[in-house]
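What follows is one structure encoded as structure tokens, with my remarks underneath.
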Amino acid sequence: MGPIVLTQLATGLSVLAGAVLVKSVMDRNTMAGPFPRCPTCNGTGRVNCLCSRWSDRDIGCRTCAGSGRMGCSSCGGTGTGRPLPARITIQPPNRPPS
């Protein structure tokens with residue numbers, strides 16, 4: 001093998017190793033931050049479109065623009081299972097006068 005082939009082989013292996021490293025870091029640290037991944041879309045923010053679920057192998061509608069994937073309705077496309085903030089007010093019970 002010539003020096004050019006060895007250089008290309010080394011470059012290819014280093015790119016592959018870098019991709020594996022980046023993937024392992026991304027799997028551990030999601031872009032969602034401290035929030036857990038959405039269980040419906042597994043953190044991608046996209047799910048299969050309805051047109052691809054119940055069609056005869058043709059894909060494309062306005063919702064997915066022909067991609068076959070649409071935004072997740074559970075997380076709103078963010079990919080996070082972010083809890084909704086809720087304010088709960090508790091009033092003391094009304095006691096009859098004694």
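None of these values were measured; they are calculated from a predicted model.
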(message) Counting only heavy atoms from other residues, nucleotides and ligands, does the tally under 6.0 Å from CD1 of Ile4 exceed 12?
(response) no
(request) Identify which one of Cys41, Cys64, Ser73 satisfies the side-chain contact (heavy atoms from CB on, under 4.5 Å) criterion when paired with Val47. (result) Cys41
(request) May I ask you to list the residues sharing a hydrophobic cluster with Ile90, side-chain cutoff 4.5 Å, ordered by chain and number? (result) Ile88
(message) Looking at every non-hydrogen atom in both residues, tell me the closest pair between Arg69 and Asn48 and how far apart they are.
(response) NH1-OD1, 3.0 Å
(request) Compare all side-chain heavy atoms of Thr63 with those of Cys49 and state whether any distance is below 4.5 angstrom. (result) yes
(request) Check whether any side-chain heavy atom of Cys75 sits under 4.5 Å from a side-chain heavy atom of Arg37, and report yes or no. (result) no
(message) If the condition is side-chain hydrogen bond (donor to acceptor under 3.5 Å, both in side chains), which residues does Ser74 pass it with, not counting sequence neighbours?
(response) Thr40
